[in-house]
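See structure below.
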Amino acid sequence: MYTWSRKSHRLTLCLLTGVICAVICGCEPSKPIKIPQTVMDNIAQKSSSLDFDTYEGFRDWYRIPLRYPYQIFMIDSLSDGYLEQLEKGSNVQDGSGSSICHDITRLWPQKDFCCFYVSKDSTEDYAGKYGYFAYSTGELKFFPNETALMEELKKVGITGPAEFYTLDVLFKYFSHMH
């Protein structure tokens, strides 16, 4: 007759606990995420910079690459971030960039520009406004509302509804793109 030792009792208990946790928490693979084509075309645009289009961040900071050398940089949370330009010659893994705009909560990335919404809780002068940033010229403009932004974009031939995404959703898409 077999007698249970404390060691075998602990091992059995650990194995049983693991099985129960696996059943309760689920072990099924996650469902694939459908990434909108406009997002795939406009974030993490191919660049010659090492890691720019694939590096997600480190520990307590996260990033969404746009068109090199521009990115959205987030610290501690995916709810708001900064539009940044990487310093010339810097390594993306160092997290060093110069800030262009703070407290962005929603973003509409495009190939040549991005539009964004700044949190109404921001302490900046542009709190609660919509912004436009052109990658090639560095032009930065703010608008009192989305309608005014879209009116300005119509002047340069950009029409259609804007597709603003929260930063947590864009980061989720980015992290599944590579």
Side-chain angles (χ1 to χ4, degrees), residues 30 32-144 146 148-150 152-153 156-158 162-178:
S30 60
I33 293 175
K34 176 140 176 65
I35 303 171
Q37 190 63 45
T38 57
V39 171
M40 291 184 68
D41 292 343
N42 296 309
I43 66 170
Q45 295 180 30
K46 293 290 181 202
S47 73
S48 60
S49 176
L50 182 65
D51 293 337
F52 179 79
D53 19 329
T54 58
Y55 192 66
E56 296 178 12
F58 182 72
R59 290 192 186 180
D60 64 345
W61 62 271
Y62 312 91
R63 60 182 293 278
I64 301 167
L66 301 170
R67 183 165 136 192
Y68 183 82
Y70 300 104
Q71 66 183 1
I72 298 294
F73 187 81
M74 300 161 285
I75 299 175
D76 293 331
S77 160
L78 297 172
S79 61
D80 65 278
Y82 305 81
L83 174 61
E84 278 193 346
Q85 179 178 5
L86 284 178
E87 302 295 332
K88 188 172 183 164
S90 69
N91 183 335
V92 70
Q93 295 182 11
D94 294 338
S96 59
S98 55
S99 181
I100 297 168
C101 183
H102 300 98
D103 303 319
I104 293 171
T105 57
R106 291 183 287 147
L107 184 75
W108 179 31
Q110 294 293 294
K111 207 165 260 327
D112 298 320
F113 66 91
C114 66
C115 294
F116 51 85
Y117 175 75
V118 178
S119 170
K120 62 180 172 50
D121 297 326
S122 175
T123 57
E124 302 293 336
D125 294 340
Y126 44 79
K129 294 184 178 179
Y130 284 81
Y132 164 89
F133 180 76
Y135 301 134
S136 61
T137 64
E139 179 182 26
L140 177 65
K141 290 183 178 181
F142 292 97
F143 303 90
E146 187 176 341
L149 167 68
M150 295 309 294
E152 183 70 19
L153 291 176
V156 293
I158 299 165
E163 294 182 60
F164 285 93
Y165 297 92
T166 59
L167 300 184
D168 62 330
V169 168
L170 275 178
F171 183 78
K172 183 178 180 181
Y173 289 156
F174 167 57
S175 66
H176 285 84
M177 286 172 59
H178 52 272

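Quick note: residue numbers are just sequence positions, from 1. Since this is a predicted model, take the numbers as computed values, not measurements.
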Please tell me if the side chains of [X] and [Y] come closer than 4.5 Å, counting only heavy atoms from C-beta onward.
X    : Y    : value
S99  : F73  : no
Y55  : R63  : yes
E152 : Y132 : no
L149 : K141 : no
P109 : I72  : no
L83  : L66  : yes
Y173 : M40  : no

Requested in this report: Would you please test F52 and L86 for side chain to side chain contact (heavy atoms under 4.5 Å, CB included) and show each step?
Outcome: CA-CA 10 Å; F52 179 79; L86 284 178; 3.6 Å; yes
Query - Contacts of F142 that satisfy ring pair (Phe, Tyr, Trp, His ring centres under 6.0 Å) - sequence neighbours left out - result: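 So F142 forms a ring pair (Phe, Tyr, Trp, His ring centres under 6.0 Å) with Y126.
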Query - Partners passing ring pair (Phe, Tyr, Trp, His ring centres under 6.0 Å) against F174 (at least two apart in sequence or in another chain) - result: H178
Report task. Show your reasoning for whether side chain to side chain contact (heavy atoms under 4.5 Å, CB included) applies to M150 and F143. Result -> CA-CA 9 Å; M150 295 309 294; F143 303 90; over 6 Å; no
Query raised in the report: Can you name the side chain to side chain contact (heavy atoms under 4.5 Å, CB included) partners of D80, sequence neighbours left out?
Result: D103, T105
Query raised in the report: With sequence neighbours excluded, what pairs up with Q110 under the side chain to side chain contact (heavy atoms under 4.5 Å, CB included) test?
Result: N42, W108, F113
Requested in this report: May I have the step-by-step check of side chain to side chain contact (heavy atoms under 4.5 Å, CB included) for Y165 and L107, ending in yes or no?
Outcome: CA-CA 5 Å; Y165 297 92; L107 184 75; 5.8 Å; no
Least distance between heavy atoms, [X] atom then [Y] atom:
X   : Y    : answer
E87 : G97  : OE2-C, 3.6 Å
G81 : L167 : N-CD1, 3.4 Å
D76 : Y62  : C-CE1, 4.3 Å

Supply the atom-to-atom distance [X] [atom1] to [Y] [atom2], rounded to the nearest 0.5 angstrom.
X    : Y    : atom1 : atom2 : result
E163 : R106 : CD    : CZ    : 13.0 Å
C114 : I100 : SG    : CD1   : 8.0 Å
L78  : F171 : CG    : CZ    : 6.0 Å
D112 : I158 : CG    : CD1   : 8.0 Å
C101 : F133 : SG    : CZ    : 10.0 Å
Q93  : D51  : CD    : CG    : 4.5 Å

Query raised in the report: Going through the checks in order, is the side chain to side chain contact (heavy atoms under 4.5 Å, CB included) test met by V169 and K172?
Result: CA-CA 5 Å; V169 168; K172 183 178 180 181; 5.5 Å; no
**Report entry** Pairs flagged by salt bridge (charged side-chain N to carboxylate O under 4.0 Å, His left out) wherever residues 114-137 is involved - sequence neighbours left out
**Finding:** none
Report task. Name the orientation class of the two ring planes belonging to Y70 and Y135 (parallel below 30°, tilted from 30 to 60°, perpendicular beyond 60°). Result ->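 It falls in the parallel class, under 30°.
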Query raised in the report: Quick one: salt bridge (charged side-chain N to carboxylate O under 4.0 Å, His left out) partners of K111, sequence neighbours excluded?
Result: none
Query raised in the report: Would one find more than 12 heavy atoms of other residues, nucleotides or ligands at under 6.0 Å from atom OH of Y68?
Result: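 Buried by this count: over 12 neighbours within 6.0 Å.
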